[in-house]
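Below is one structure, written out as structure tokens; the observations come after it.
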Amino acid sequence: MAKSTATDVRIAKDEAQRGGQTIAFALAIGATRQVCHLETCFGTRNQAFAYLQRNRTAFEQMAREQFARGEVTDGVIHLRMI
């Protein structure tokens, strides 16, 4: 049985920006779910998703820090590759 996590990860529809992929995921902050977008330079969704999974803890921390600072644009936290 798969382990349940507090964060749901979904691949966003094609939002080709500079040839890269954008991955959307929801971050649980208390009882709230905050939508986050991670912009990558990868050409495929699978590469971008694998990158997010490898660096998930770092991106969740960055998203929480941006949320705490109020850096939310149109209800979305925007992240870039590290």
[atom1]-[atom2] distance between [X] and [Y], expressed to the nearest 0.5 angstrom:
{"X": "N55", "Y": "L79", "atom1": "CG", "atom2": "CG", "value": "11.5 Å"}
{"X": "H78", "Y": "T22", "atom1": "NE2", "atom2": "OG1", "value": "9.5 Å"}
{"X": "T73", "Y": "Q66", "atom1": "OG1", "atom2": "CD", "value": "8.5 Å"}
{"X": "F59", "Y": "M81", "atom1": "CZ", "atom2": "CE", "value": "7.0 Å"}
{"X": "R45", "Y": "I23", "atom1": "CZ", "atom2": "CD1", "value": "8.0 Å"}
{"X": "E39", "Y": "R80", "atom1": "CD", "atom2": "CZ", "value": "4.5 Å"}

Please check if the side chain of Q34 supplies one atom and the backbone of G75 the other of a donor-acceptor pair under 3.5 Å.
->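 Present.
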Donor-acceptor contact present, side-chain T40 to main-chain G20, <3.5 Å | no
What residues, two or more places apart in sequence or in another chain, satisfy ring-ring contact (aromatic ring centres under 6.0 Å, His included) together with F42?
->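 If we apply the ring-ring contact (aromatic ring centres under 6.0 Å, His included) test to F42, skipping adjacent residues, the hits are Y51.
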Which atom of [X] lies closest to which atom of [Y], heavy atoms considered:
{"X": "A63", "Y": "I77", "value": "O-CD1, 3.4 Å"}
{"X": "A28", "Y": "R64", "value": "O-NH1, 3.1 Å"}
{"X": "H37", "Y": "A24", "value": "CD2-CB, 3.5 Å"}

Tell me whether I29 is reachable from V35 by hopping between hydrophobic residues (I, L, V, M, F, W, Y) whose side-chain heavy atoms are closer than 4.5 Å.
->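 As far as the 4.5 Å side-chain criterion goes, I29 and V35 are not connected within one cluster.
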What residues, two or more places apart in sequence or in another chain, satisfy salt bridge (Lys or Arg N to Asp or Glu O under 4.0 Å) together with E71?
->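 If we apply the salt bridge (Lys or Arg N to Asp or Glu O under 4.0 Å) test to E71, skipping adjacent residues, the hits are R69.
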